[in-house]
Amino acid sequence: MPAESILLRFMEGEGTADLEAYLRAGGYAAARHALTALTPEEVIDIVDQSGLRGKGGAGFPTARKWRFIPKGAPLKYVVVNGDEAEPCTFKDHMLLERAPHLLLEGIIIAAYAVGAHKAYVYVRREGYLARERLRQAVAAAYARGFLGRKIFGTGMDLEVVVHSGAGAYIAGEETALLESLEGRRAMPRQRPPFPAVFGLYGKPTVVNNVETLSHLPAVIRLGAEAYRALGPPALFSVSGHVRHPGVYELPLGIPMRQVIAAAGGLRPGRRFKAAFPGGSSSALLTAEHLDVPMDYEPLRAAGSMLGSASLIVMDDTTCIVRVAARAVAFYKEESCGKCTPCREGTYWLSQIFDRILAGGGRIEDLELLAHISRGMSNGACFCLLGESVPPGLEASLRHFRHEYEYHIRTGRCDVEETLAAAVASGA
Amino acid sequence: MAPLLEAARDEIRRLPTYYERRQSALLPALFVAQRELGWLPPQALQEVADLLDLPVSDVAAVASFYRFFFLEPPGRHLILLCTNLACLLNGAEGLRRHLEERLGVRPGQTTPDRAFTFRESECLAACHLAPMMMVDRERFGPLTPQAVDELLERYRAR
Amino acid sequence: MTERSDVTLTIDGRPVTVPRGTTVWQAARQAGIDIPIFCYHDRMPPLGACRQCLVRVEKNPRWQTSCTLLAEEGMVVHASTPEVRAAQERNLEFLLINHPLDCPICDKGGECPLQDQTFAYGPGRSRFVETKRDFAKPVSLGPILVLDRERCILCWRCVRFGEIIAGDEALKGFERGFATEINTPFTAPVRSKFIGNTISICPVGALTSRTYRFRARPWDTTPVPSVCNHCGLGCALWLDVRDRTVVRVRAREVPDLNDIWLCDLGQFGFSWLHARDRLTRPLVRRDGRLQEASWEEALVLVAERLRAARRDGPGRVAVLGGTRLTNEDNFLLRRFFREVVGTPHIDHRIDARPGSASLEVAWGLRTPLPAISQSDLLLLVGCDITEEYPIAWLRMKQAIDRGAALYSLHSRSLEIRRFARGTLVPTPGAEGVVLSQAAAAVSGAAPDGAVLREVGVDPAVVEALAAELRAARAPMVFLGKSALEGLAGRAVLRAAQYLQAAGCTVQVMRGKGNAIGAALMGVLPAPGGWSAPEIIRQAGSGALQVLYVLGGDPATEVADGRAWEAARARTPFLVVHDLFLTETARQADVVLPALAFAEKDGTVCNLEGRVQRITAAVRGPGEARSDAAVLAALAARLGVPWAYEGWEDVFAAAAAAVPGLAVGAIITPPPLSGDWPEDYAPPPPSADLVLISGEVLFDLGSMTSRSPAIAELAGPPTVWVHPTDAAARGLTDGALAQLSAGDASLVLRARVTTEVPAGRVFVPRGFDSLPLHRLLSWDRPMPTVSLRAVGGMAAAAAGAEAAP
């Protein structure tokens, strides 16, 4: 944890879902300051200088997104993407369950900055506790005059509506989220036009991730420079083969090795094999990358990405082929079906993996996997769901081809065989 | 098939006020109807369509897109066992086999006594509890086969 | 600096200049560069879903779908490099992995974009060794549509057609991902009047028609251009002929008319052409029975009777018909009966009531169809547009998508009510009152709330309508049959004329088949002559010696059973030209077998007044002859031999008589101009049920009942009842019901629906086996009726019978 935690301290212990607790921790001071002492343009400037980037996976600079909103438009919306469903990402749920007022305060600041007076928080269906805590927080905020009409005694109105999803990962894609919020199937929209110009109900809309907005109170409170000096910090979801999986507030740029250490390191007696630095949509990295700084540019340079900062750690008990198969199965399950390469590509890949794992693999399957993967890359798919398959798949083929070959040659898994042998010999 | 109770119909009628366009009330309206009836039979879809003045083809197509709308009657309790990466890495496959054996059904099916609908799930954003599952609205993990058995017993009685 | 209106880009090294707003795909096509594509259809906005049209654009590292990408100045596009070809092949490979090898048995073969594009751009072999997606197939979705989900490539065209073009949202995507399937809700029969179009635009054989299933390959058939003869819009079509049989009807593209669309009646209502019971020989009544005779015998007899009647006086012969005849037939009809026989009593408007407003106004559209899509306010008055002129609805939908407001004023709810900004459902017969109030409100007078509420209408809606009428740039009022035939018809015309003066275009949506052509050719009473209803009334008083009916069925069409019965009983000689033995033909003294539109050359006029050619596609059955030929033969026998060689000669003669008549010309009727009375008292509210009736698209007439798909869509005759009225009488949906007025009653199936208000029941017209006319009379077109459930033995008499 950095010297001053800006997020985690609102989530620890009892958390700050209770309004009084949040206020005691200094909550809503930043929103009050923004609304009473800053102009919207000044707020955007501060956020710009802070370098805050979206925490939903795309990492798009937040202020730049806000600036796409046409100033004179009469009706604008803020939509909060609380559909966190990226595999092994759980920071947003933690924020919603333990620090919902942090998000609300961030919404207020964002709405003020872009001139919106209505915000929808789209929360994934499975997030029952998150939604419950958020609804209670919203009610408490309304009661206190932090939401509703003339909030904080200013002339600003802000309505917040909590809206539940119904079970679809694709609804986390921002245009698909808008479709779902409009009561339709969560199928992504063509871009351009972008939501900032044509968003919810065709009106200019800012779609921001839960964590992104939760950073805003600290950005305003500390100012851009002090905020940056803290890292800036981000929430890392660490899971897989670590001793203490959980959400950790760490400075961006921290080496992967240290993130693993923060989560208690590997399980006893195990060696590091690989990790997805940014969830299953990122290319997996191997031991040679343990010192890569966990930040946007360094990870991109290493051939992967930060994404939603979800570190999935795999030790030497892991069959990479099985992991790759399960990742592909996820995208197949969640594909909306709109476009050919994603719908058919995930289906085909999944069938090939099932066959390989069942012992029916052929050596030409490796080139076939790569061929299908190429057909889903680089804009071939309508949206980024399909395009999230190739990075992990190709990295697994690149770094662990021998595991695939063993499955194909023998019909069995060499990792599992090695493990079984070790157990048998009492190692 | 009796139509929805008037209270549910009223609740659905009020939903559009939260949104600029009526159709936005569709997902919440379907959940109201499903809460009433336990699932969404065709008559319920027609009724929601009538209440929101939407074509029933649209309502049915939307309902079929999302995992949490039950277009067939589910069991009394819904088991969602996560088998995505973090849980997979922490033994979810073994738990799946255990549940299959204990429940006597494959994922996607409902037990003959209608106590449980068992599904494999994608990531439920609770990886710190891996391997984990949800039963109805509650999260449970890290699980062991024994813990699973205890949960089954507890829920079967409800 | 103003933006140039053109952009120049380079595609495969070729410079192309296109208007701003053109997509790269369209620009490529203009340059003669073919980029394979599936989901894009140029009548709908691009979607970018199929990904077949990917291209490389310099300075952009990512693939772009050329169908969605707007061409920009200086853009450099590569659509044919090896890399692009590889991507195109790969996308086809993806599409084919789950596509079944059905080509040999798939109706689409030979006209299949997937086949064609796979041949041109696809892989030669499949690398897919896994299990293909498995769906139950084929799935019947009603009498027309057959769905094969395994063939579907999820291009979404059919779904978007229902959402964007037709507005009926008949087909949707269900489930998601690889399990996505196109379906209707609950796999119920499709509810649409336009589903045939989805079959046309489907790029594979996923959507096929039951009527054409396994009938032919495109290279087996010869397409013959013609025009639909059903509703009166005269949509252009192709008749696909194989072995002297019309096996399929397809839309023929005429952008300003039906564009590329057809309604299902036009597309699937043609099987009657080859029905076994087409009349093939003349029939003459001998010893009380109709018996086959030779043409010689029949013509001799008819000529004799006409001569005798002519000797007796000029008005002893009257003629009903013309709607089902070509312009040439109608021209000769007029010549024969007016000049040779010498009677002033000819009229094609068989279904009009005496004194109805229909008889006082020219029928038809005052603008070409595309003008409808440019209107910003559409008011339907007694006009059930999707049941009566479906293709016109597609133009209205376009207008609505551009922001036009739709209002309807009708005695029941319309199918398209979802799109209406305001719906007025007054007491039947009160349309005139409401429209008058609206017209008065347009000039600023406040509508009379008490009067409006008394007829069941919300004054606020009338005020809103008036305000919009005032502010609209190009408002249109559509007067339909039920308003014009109603007791308040003249009041409706008066109010409409007022609105016309205030800037509205008034469209008279009246006339089926070639009714407009009949009017243009003068099949109308001469000065002093009787209109069609008057002919019938006079016939009932014994005024006629010969009644001549061509292509009409007054026995079922006339909305007063007793009036026709009397007319028949008191007229010594009845001659009928028809395709089938209709009820009128059954009562005739001579029946002459006629040719249908698909068996003739000539011209017809549609509701716009557009003159179109029809071409004979098949020969008629047996000894059937064209009406023109029969009339010429009779003329010769009556001493006036004509010298016409063929239809062109007749057309030329008609053109000499009718200014502006030419193939392709549009002869627009004049605006409304008349002097219609103001005073009209709305009917008093009734405690009993009031019976209203109207046209529906799918009925059981002589043609539709012989087109199996249409007959199945029509179903049995029904009475539509509001749930409250049904419950009070123990009627459930689909149950048998007895509808009675006076001493006449009918048995039909109840359809319980909120589309009729309480206190009113609706019976669709056009079900020939249902003698609805026995419940109706001209002075009581909307009688009060009683309705009760029927059970037990009486229920076994399904169908309609009059009570003894």
Side-chain angles (χ1 to χ4, degrees), chain A residues 167-171 176 184-193 329-356 358 360-362 364-365 367-369 371-387, chain C residues 23 37-39 45-57 60-65 67-70 83-84 86-99 123 126-133 152-156 159 163 172-182:
Chain A
Y169 160 75
I170 183 63
R184 289 192 285 272
R185 294 157 61 90
M187 318 260 292
R189 294 176 182 172
Q190 183 71 36
R191 292 184 296 181
F330 166 72
Y331 295 105
K332 182 187 79 160
E333 175 66 29
E334 298 293 342
S335 168
C336 76
K338 180 168 184 172
C339 81
T340 308
C342 174
R343 184 185 69 240
E344 306 298 335
T346 55
Y347 179 88
W348 197 359
L349 288 170
S350 206
Q351 296 257 314
I352 296 171
F353 268 104
D354 286 349
R355 184 162 48 75
I356 291 175
R362 314 163 304 168
E364 54 263 48
D365 287 335
E367 174 47 35
L368 196 48
L369 289 173
H371 167 80
I372 298 167
S373 183
R374 274 195 299 276
M376 297 171 69
S377 303
N378 208 20
C381 297
F382 190 91
C383 83
L384 290 178
L385 187 151
E387 197 159 330
Chain C
T23 63
I37 197 158
F38 292 107
C39 67
L47 184 62
C50 74
R51 316 306 282 181
Q52 189 60 52
C53 68
L54 295 176
V55 294
R56 276 274 186 233
V57 178
N60 195 323
R62 294 170 65 75
W63 290 107
Q64 301 294 319
T65 43
C67 69
T68 57
L69 184 65
L70 289 176
E83 191 200 13
V84 172
Q88 290 168 346
E89 187 179 302
R90 195 167 46 219
N91 201 69
L92 277 159
E93 188 182 18
F94 280 146
L95 284 172
L96 291 168
I97 64 168
N98 277 307
H99 195 79
S126 173
R127 279 186 277 192
F128 185 80
V129 301
E130 327 299 333
T131 311
K132 282 183 189 276
R133 214 167 27 218
C152 174
I153 57 169
L154 287 171
C155 74
W156 304 101
V159 173
E163 291 170 352
K172 291 284 186 180
F174 289 77
E175 307 297 322
R176 69 174 190 225
F178 68 94
T180 306
E181 50 181 52
I182 300 299

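The figures that follow rest on heavy atoms only: side chains count, while hydrogens, waters and symmetry mates do not. We name chains A, B, ... by the order of the sequence lines, and we start the count at 1 in each one.
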Need one label for A:Ile352: side chain, backbone, both or neither, based on atoms under 4.5 Å from any heavy atom in chain C.
both
C:Glu175 portion near chain A, given a 4.5 angstrom heavy-atom threshold
backbone
Part of C:Leu54 within contact of chain A (heavy atom distance under 4.5 Å)
side chain
Per-residue contact mode, C:Leu70 against chain A (heavy atom under 4.5 angstrom):
neither
Please classify the contact of A:Cys342 with chain C as side chain, backbone, both or neither, using a heavy-atom distance under 4.5 Å.
neither
Less than 4.0 Å between a side-chain N and a carboxylate O, is that true for A:Glu334 and C:Arg176?
yes
If we define contacts as heavy-atom pairs under 4.5 Å, which of A:His371, A:Arg355, A:Lys332, A:Arg374 has the most with chain C?
A:His371
Assign the ring pair C:Phe178 / A:Tyr347 to parallel, tilted or perpendicular, where the plane angle (0 to 90°) is split at 30° and 60°.
tilted
State whether the side chain of A:Thr340 and the backbone N or O of C:Cys50 hold a donor-acceptor pair below 3.5 Å, judged by distance alone.
yes
Inter-residue atom distance C:Phe128.CZ - A:Gln351.CD, 0.5 Å rounding
5.0 Å
Most contacts with chain A, counted as non-hydrogen pairs under 4.5 angstrom, among C:Ala49, C:Ala87, C:Ala179
C:Ala49
What part of A:Ala186 lies closer than 4.5 angstrom to a heavy atom of chain C: side chain, backbone, both or neither?
neither
Under a 4.5 Å heavy-atom cut-off, does chain C meet the side chain of A:Ser377, its backbone, both or neither?
backbone
Within the structure provided, determine whether A:Lys338 and C:Thr180 are in side-chain contact (heavy-atom separation under 4.5 Å).
no
Rounded to the nearest 0.5 Å, the OG1 atom of C:Thr65 sits from the CD atom of A:Gln190 at a distance of 5.0 Å
When rounded to the nearest 0.5 angstrom, what distance separates CE in A:Met376 from CZ in C:Arg90?
11.0 Å
For the student: nearest non-hydrogen atoms of C:Phe174 and A:Arg185, plus distance:
CA-NH1, 3.6 Å
Measuring from C:Arg51:CZ to A:Phe382:CZ, what's the distance to the nearest 0.5 Å?
6.5 Å
Is chain C contacted by the side chain of A:Glu333, its backbone, both, or neither, given a heavy-atom distance below 4.5 Å?
both
With a 4.5 Å limit on heavy-atom distance, are the side chains of A:Arg343 and C:Phe94 in contact?
no
From the list A:Cys336, A:Ala168, A:Pro192, A:Pro188, the residue making the most non-hydrogen contacts under 4.5 Å with chain C is A:Cys336
Test item: C:Arg62 side-chain N/O and A:Asn378 main-chain N/O as donor-acceptor pair under 3.5 Å
no
Okay, A:Glu367 and chain C: the region with an atom under 4.5 Å from a heavy atom over there is neither
C:Pro46, C:Gly173, C:Cys39, C:Pro61: which one forms the most heavy-atom pairs within less than 4.5 Å of chain A?
C:Gly173
One should read off an interatomic distance between C:Leu154 CG and A:Glu344 CD, to the nearest 0.5 angstrom, of 7.5 Å
